[in-house]
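A quick write-up on the structure given underneath.
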Amino acid sequence: MDKSRRKFLRTGAAFGIGSLLLPSFLTSCSDDNVLFADKSLGGSRVLVIGAGVAGLYAAQVLRSRGADVTILEASDRIGGRVRGMTLGGTRVYDLGADRLRGDQSILAQLAQSRGAQQINDYSVGNVALDDLIESPNVLQTNADIRSLINAKTALADYSGADITVADYFNQTGVEGFPEMREWLTHDAGADPDELGAASYATEKARSKAGNTVHRFEGSMAQFVEQAIIDPVRDLVQLNKVVTRVDWSGSTVSVSLQGGEEMTADQVVVAVPINILQDGDIELVPGFSQARQAAVNLIGVGEGLVALLEFNDRFWSPGDIIGTNAVTLYRDMGLGIEGIPAVLRAEVYGQRARAYSVIDADVVQIFLDELDGLFDGAASRNFSNASVQDWTSEPYIRSAFSYSSPNIFSARASAATPIPGKVYFAGEATNFNGNHGTVHGAMETGYRAAIELLQMA
Ligand SMILES: Cc1cc2nc3c(=O)[nH]c(=O)nc-3n(C[C@H](O)[C@H](O)[C@H](O)COP(=O)(O)OP(=O)(O)OC[C@H]3O[C@@H](n4cnc5c(N)ncnc54)[C@H](O)[C@@H]3O)c2cc1C
């Protein structure tokens with residue numbers, strides 16, 4: 001076996017590819033201590049499909065090894081599910097990913113190396129129970145809610161049958177509390193009846209990223225722009241919708257909407273997994289039946305985010321949980337001096353799907369709900385809003401992937417490369433427990449680049 005391949009396998013086995021530290025060749029000019037230091041991609045033409053974090057990061061690694069890279073992006077913007085918008089003057093808020101989940105991830109390490117300031121993100125200020133606002137103490141004092149919270153904590157160690165998390169919660173003997181149940185599972189991107197209990201526990205146990213939750217003092221969008229987009233911005237071609245990847249010949253042919261054809265030595269497919277589930281990109285030859293079944297098994301959740309700006313904070317500082325209309329209203333001003341009162345309303349699962357299908361006026365729905373909870377204060381103080389429905393974004397159509405029942409090896413199957421030809425990246429192909437995250441997407445871009453380099 002070739003020496004570098006042995007090293008790759010050893011390192012992969014010891015840490016899991018996903019837990020590799022930030023590659024030193026991206027932070028210094030030295031090639032010491034780098035996987036495949038003897039390998040170069042000079043002269044290789046690589047097409048990366050999708051300018052989300054996974055594709056962008058793959059491109060950054062591949063370019064650093066001499067590949068001639070082009071990134072084809074279907075939409076008219078770079079960044080995929082990381083997206084910022086300016087609200088209330090000059091401050092940029094996130095409409096997609098905004099939290100750093102864990103302090104041991106490739107993203108956390110990159111943030112640290114660039115001195116990016118972070119703040120703690122978790123603080124419950126208000127709990128809505130039976131349409132009334134209660135203090136956060138109710139999470140401790142209400143025995144039923146406490147049971148559900150304890151059950152969610154214990155879920156990490158669950159090793160029984162792969163029943164849904166809804167059924168797992170039902171085993172606590174606590175009835176009702178649908179909003180609390182959803183709040184407890186929506187950070188995993190799905191409703192309780194969509195998640196597999198054992199699948200969730202198994203995937204969660206694989207992550208070595210850590211359990212801290214921070215966000216940037218600026219925004220995820222600004223950080224990603226500087227650290228992940230800027231180094232490869234010049235490689236991106238926008239409005240290039242890929243429809244077909246044909247790897248049956250000696251090179252790989254890529255067809256685009258409108259009839260354009262491109263060829264490459266290798267291709268990295270870094271689109272959301274539902275794009276492959278729905279057949280938007282035809283692979284020639286196609287996946288085997290078993291592999292397509294594995295791809296289809298990966299759960300894909302819906303999501304909607306609305307930023308609501310107010311002239312004054314009419315709620316107790318901190319997030320508002322347990323409401324009927326949203327999963328969570330997050331207090332975006334908390335921990336940062338002098339910024340406007342902004343709530344980030346997040347909705348996942350069936351409710352997000354429903355809002356999307358009926359194209360609901362969600363801002364009015366959310367204001368009505370907040371008015372009911374806070375005596376009309378929301379409408380009185382409302383100044384501005386911005387909504388991002390990820391489900392209706394034409395080339396994304398999802399929030400993030402989740403641990404559907406029996407998912408166990410499906411992600412690894414979806415991630416398997418067609419050696420020397422086609423490589424797969426994107427958060428849903430992360431089989432180290434970091435799916436559904438920005439750092440997980442980065443890891444898959446890195447993995448795909450290393451797999452490609454391995455064959456050079
Ligand atoms: C509301 C929300 C909140 C989130 N919160 C967090 C969080 O707090 N922390 C966290 O770490 N993560 C969070 N995430 C998840 C995180 O945003 C994603 O895991 C990550 O950004 C996915 O990156 P990706 O590159 O895999 O996919 P994407 O970002 O989806 O990139 C894929 C790209 O492929 C393009 N594409 C699709 N089809 C084609 C085609 N046919 N041809 C060419 N291009 C195509 C798409 O337009 C897109 O730009 C959140 C996501 C959402 C939506």
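Counting convention: from 1, in listed order, for ligands and their atoms alike. These values consider heavy atoms only, across backbone and side chains, with no hydrogens, waters or symmetry-generated copies.
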(request) Give the C-alpha distance, both sets of side-chain angles, the deciding distance and a yes or no for side chain to side chain donor-acceptor pair (under 3.5 Å) between Arg215 and Gln118. (result) CA-CA 5 Å; Arg215 65 187 150 94; Gln118 297 171 30; over 6 Å; no
(message) Minimum heavy-atom separation for Ala156 and Ala201, please, with both atom names.
(response) O-CB, 3.7 Å
(message) Give the atom numbers and elements of ligand 1 that come within less than 4.0 Å of a heavy atom of Gly426.
(response) 26 (O)
(request) Show which atoms of ligand 1 fall inside a sub-4.0 Å distance from at least one heavy-atom site of Ala399. (result) 51 (C), 53 (C)
(request) Would you please test Glu260 and Lys240 for salt bridge (Lys or Arg N to Asp or Glu O under 4.0 Å) and show each step? (result) CA-CA 9 Å; Glu260 195 180 342; Lys240 299 283 186 187; 2.9 Å; yes
(request) Show your reasoning for whether side chain to side chain donor-acceptor pair (under 3.5 Å) applies to Ser75 and Glu73. (result) CA-CA 6 Å; Ser75 73; Glu73 167 54 44; 2.7 Å; yes
(message) Taking a cutoff of less than 4.0 Å between a non-hydrogen atom of the residue and any ligand atom, is Gln237 in contact with ligand 1?
(response) no
(message) Quick one: does any side-chain atom of Arg344 pair with a main-chain N or O of Val305 as donor and acceptor, under 3.5 Å?
(response) no
(request) With heavy atoms only and a cut-off of under 4.0 Å, state how Ile281 meets ligand 1: side chain, backbone, both or neither. (result) side chain
(request) Starting from atom 3 (C) of ligand 1, locate the nearest protein heavy atom and write down its residue, its atom name and how far away it is, to 0.1 Å. (result) Tyr348 OH, 3.4 Å
(request) Go through ligand 1 atom by atom and flag the ones less than 4.0 Å from a non-hydrogen atom of Arg344. (result) 3 (C)
(message) Take a 6.0 Å sphere around CD of Glu282 and say whether it holds more than 12 heavy atoms from other residues, nucleotides or ligands.
(response) yes
(request) Compute the shortest N/O to N/O distance between Glu427 and ligand 1 and return yes if it is under 3.5 Å, no if not. (result) yes
(message) Check for me whether Lys240 has a heavy atom closer than 4.0 Å to any atom of ligand 1.
(response) yes
(message) I'd like to know whether Glu302 forms a side chain to side chain contact (heavy atoms under 4.5 Å, CB included) with Tyr355, so could you lay out the CA-CA distance, the side-chain angles of the two residues, the decisive distance to 0.1 Å, and finally the verdict.
(response) CA-CA 10 Å; Glu302 291 82 2; Tyr355 289 145; over 6 Å; no
(request) Using distance alone, decide if ligand 1 has a nitrogen or oxygen within less than 3.5 Å of any nitrogen or oxygen in Trp390. (result) no
(message) Tell me whether Asn211 at atom CG has more than 12 heavy atoms from other residues, nucleotides or ligands lying less than 6.0 Å away.
(response) no
(message) Is it the case that ligand 1 has an N or O less than 3.5 angstrom from some N or O of Pro272?
(response) no
(message) As a check for students: among Ala97, Ser398, Ala58, identify the option with a heavy atom nearest to atom 4 (C) of ligand 1.
(response) Ala97
(message) Please tell me whether Phe400 and Tyr348 form a close aromatic pair, meaning their ring centres lie under 6.0 Å apart.
(response) yes
(message) Using a 4.0 Å cut-off to any heavy atom of Leu72, which atoms of ligand 1 qualify?
(response) 43 (C), 44 (N)
(request) Return a yes/no value for Val241: is any of its N or O atoms, backbone included, closer than 3.5 angstrom to an N or O of ligand 1? (result) no
(message) Can you confirm whether or not the ring centre of Phe424 sits under 6.0 Å from the ring centre of Phe287?
(response) yes
(request) Using a 4.0 Å heavy-atom threshold (strictly under), name the region of Ala441 that reaches ligand 1: side chain, backbone, both or neither. (result) side chain
(request) With the side chain counted from C-beta on, respond yes when Gln104 and Lys208 share a heavy-atom pair under 4.5 Å apart, and no when they do not. (result) no
(request) Please step through salt bridge (Lys or Arg N to Asp or Glu O under 4.0 Å) for the pair Arg351 and Asp191, ending with a clear verdict. (result) CA-CA 9 Å; Arg351 272 187 292 184; Asp191 289 332; over 6 Å; no
(request) Could you tell me whether the side chain of Arg291 reaches within less than 4.5 Å of the side chain of Thr416, counting heavy atoms only? (result) yes
(request) Could you list the atoms of ligand 1 found under 4.0 angstrom from a heavy atom of Ala54? (result) 25 (O), 26 (O)
(message) Going by the closest heavy atom to atom 32 (C) of ligand 1, which one wins out of Ala270, Gly80, Gly50, Ala51?
(response) Ala270
(request) Give the residue and atom name of whichever protein heavy atom lies nearest to atom 28 (P) of ligand 1, and the separation in Å to one decimal. (result) Arg81 NE, 3.6 Å
(request) Write out the residue and atom name of the closest protein heavy atom to atom 15 (C) of ligand 1, then the distance separating them to 0.1 Å. (result) Gly436 O, 3.3 Å
(request) Please report which non-hydrogen protein atom sits nearest to atom 19 (O) of ligand 1, along with the residue it belongs to and the distance in Å to one decimal place. (result) Thr437 O, 3.1 Å
(request) Note the single closest protein heavy atom to atom 8 (O) of ligand 1, along with its residue, its atom name and the distance in Å. (result) Arg99 N, 2.8 Å
(request) Heavy-atom contacts with Ala74 under 4.0 Å: which atoms of ligand 1 show up? List them by number with element. (result) 39 (C), 40 (C), 42 (N), 43 (C), 44 (N), 45 (C)
(request) Considering only non-hydrogen protein atoms, determine which one is nearest to atom 52 (C) of ligand 1 and report residue, atom name and distance to 0.1 Å. (result) Phe400 CD2, 3.9 Å
(message) I'd like to know whether CD of Glu261 has more than 12 heavy-atom contacts from other residues, nucleotides or ligands below 6.0 angstrom.
(response) yes
(request) Check whether any heavy atom of Ile49 sits under 4.0 Å from an atom of ligand 1. (result) yes
(request) Mind checking whether Val305 contacts ligand 1 via backbone (N, CA, C, O), side chain (CB onward), both or neither, at a 4.0 Å heavy-atom cut-off? (result) side chain
(request) Looking only at protein heavy atoms, identify the closest one to atom 35 (C) of ligand 1 and say how far it is in Å. (result) Glu73 OE1, 3.3 Å
(message) For atom 40 (C) of ligand 1, tell me which residue out of Leu107, Val242, Leu95 has the closest non-hydrogen atom.
(response) Val242
(request) Could you check if a side-chain atom of Thr323 sits within less than 4.5 angstrom of a side-chain atom of Val326, using non-hydrogen atoms only? (result) yes
(request) State whether the shortest distance between N or O atoms of Gly96 and N or O atoms of ligand 1 falls below 3.5 angstrom. (result) no
(request) For atom 37 (C) of ligand 1, find the nearest protein heavy atom and state the residue, atom name and distance (0.1 Å precision). (result) Tyr395 O, 3.1 Å
(message) If you define the side chain from C-beta out and look only at heavy atoms, does anything of Glu346 sit under 4.5 Å from His186?
(response) no
